[in-house]
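Worksheet for the structure shown next.
Atoms considered below: every heavy atom in the structure, side chains included; atoms not considered: hydrogens, waters and symmetry mates.
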Amino acid sequence: MPMRKFTLIFLLVVLFPWRSAAQDIIVRTTGDTIRCLVLELTDQAVLYQVKNDGVVKRSTIQLRDVSTLVVEGKVVFSPSTPLTASTTPAPSAAQSGAPLRDMEQPRADRQQRGVPRGGFRLSVGGGVSFKLGKGESQGISLDAKERFGAVIHGDVGGFFNDQYGVVLTVHHVRNTISYGDTSGYSFGRSLSNPFGYSSDDVSEAQRITFVGPSFLMRNRGASWSPVLGIGVGPIFLSDIMRIGDERLELTGTSFGASMSIGIEGRLGSQAAIGFQLAMTAGVIGSATDQHGNTWKSESSEDRMSLSSVTLSAYLAFGPR
């Protein structure tokens, strides 16, 4: 699959769930609808928060002006679901603005979500990687099993507020590739095929590292929060190639991008466990060997792919 098409599909998969994140809904008796975050509910009024053009505004609406109230996908008030004495606090508590009993438990989490909450962030994890692009030797395709490797990743930085932050991201992917019998093929001397003779034993050990700033967006929930990351930066290649009795160490640097979507579950006020699907994209057209010689690709199609998709688990630390 062409890299451009794969990247487009990846972005659609990443961004569509983000756009469809659930909201609370207030339906007025006039028929108007307010999509918002409900912070508190009493037997007299609803305190809610809306965000327009990056500006957060809190407002209160009297319950008598509400036709239907949906909180976290559940109808908590409507003509068929009225507030009853069993769910209403004593008059003194209601008059003081205390929340209804069935809202008390999630209230702290919902208020915490509604208040801008930034702070330090650190995460570290690992998992499996799948290499994208063509095989590194002309005319030789990689089997699916040859494309799998391992990834270690982490980030450090912080959030400006409840939703947005910037971190320094590191993705380190390692692949060990064995091409098997290639004795019937005559290699050209290029970046992808550095030796000018045939061999029946070709192998590579690749280390590809992305390092760069990433912009993070999160939609904080009471227990689970989706996190989206987009970053750009340099990609470093270390490639040890063995063809027959020859050994070549190639190093090079290119520019690439990283995209990720994850879900984080709270382990406490300062920690979370997360699961992440990520893609690192880039290609390289030249590299230097251990003797200082420069190897270049013969054409744009001959450039070495540095792209991969990774699936991993991680631990994140910082205010939840």
Side-chain angles (χ1 to χ4, degrees), residues 14-15 17-18 21-24 36-41 47-51 54-56 58 71-74 98-99 101-129 150-173 209-231 233 258-280 310-320:
V14 165
L15 295 177
W18 191 269
Q23 290 181 303
D24 299 334
C36 60
L37 174 67
V38 173
L39 301 177
E40 187 174 295
L41 170 64
L47 173 64
Y48 64 93
Q49 174 180 288
V50 295
K51 185 175 182 180
V55 179
V56 177
R58 292 187 179 185
V71 178
E72 295 183 343
K74 178 182 178 181
R101 286 195 190 99
D102 61 346
M103 292 287 289
E104 285 178 356
Q105 183 61 38
R107 174 176 178 264
D109 290 328
R110 296 178 61 75
Q111 284 185 322
Q112 184 183 52
R113 270 196 294 157
V115 178
R117 186 178 179 86
F120 176 77
R121 172 186 170 86
L122 170 68
S123 76
V124 60
V128 296
S129 66
V151 60
I152 299 174
H153 69 85
D155 62 59
V156 60
F159 280 89
F160 305 123
N161 52 37
D162 191 54
Q163 292 181 307
Y164 305 115
V166 173
V167 296
L168 179 66
T169 301
V170 178
H171 277 268
H172 178 76
V173 174
T209 305
F210 169 87
V211 181
S214 295
F215 177 67
L216 295 186
M217 295 176 283
R218 67 180 176 185
N219 186 7
R220 291 181 57 195
S223 300
W224 293 91
S225 303
V227 181
L228 173 67
I230 302 175
S258 175
M259 296 163 281
S260 65
I261 183 170
I263 185 77
E264 296 182 356
R266 293 179 58 187
L267 297 178
S269 62
Q270 296 291 325
I273 184 172
F275 304 93
Q276 182 186 86
L277 174 67
M279 174 185 173
T280 301
T310 62
L311 182 63
S312 60
Y314 62 95
L315 292 174
F317 304 93
R320 296 292 102 193

Nearest non-hydrogen partners of [X] and [Y], listed with the distance:
X	Y	answer
Cys36	Val50	CB-CG1, 3.6 Å
Ser258	Thr280	OG-OG1, 4.2 Å
Thr169	Ser214	OG1-OG, 2.8 Å
Thr209	His172	OG1-ND1, 2.7 Å
Asp24	Val38	OD2-N, 2.9 Å
Val151	Ser129	CB-CB, 4.4 Å

If you round to the nearest 0.5 Å, how far is [atom2] of [Y] from [atom1] of [X]?
X	Y	atom1	atom2	answer
Gln270	Phe120	CD	CZ	10.5 Å
Leu228	Ile263	CG	CD1	12.0 Å
Leu39	Leu47	CG	CG	5.0 Å
Ile273	Ser123	CD1	OG	12.5 Å
Gln276	Glu264	CD	CD	9.0 Å

Show the numbers, then the answer: is there a side chain to side chain donor-acceptor pair (under 3.5 Å) between His153 and Thr310?
CA-CA 10 Å; His153 69 85; Thr310 62; over 6 Å; no
Tell me the salt bridge (Lys or Arg N to Asp or Glu O under 4.0 Å) pairs involving residues 151-160, sequence neighbours left out?
Arg121-Asp155
Take atom CG in Leu315; do more than 12 heavy atoms of anything else shown fall under 6.0 Å from it?
yes
Set of side-chain contact (heavy atoms from CB on, under 4.5 Å) partners for Val128, sequence neighbours left out
Leu311
Do Val166 and Phe160 come within less than 4.5 Å of each other through their side chains, counting heavy atoms only?
yes
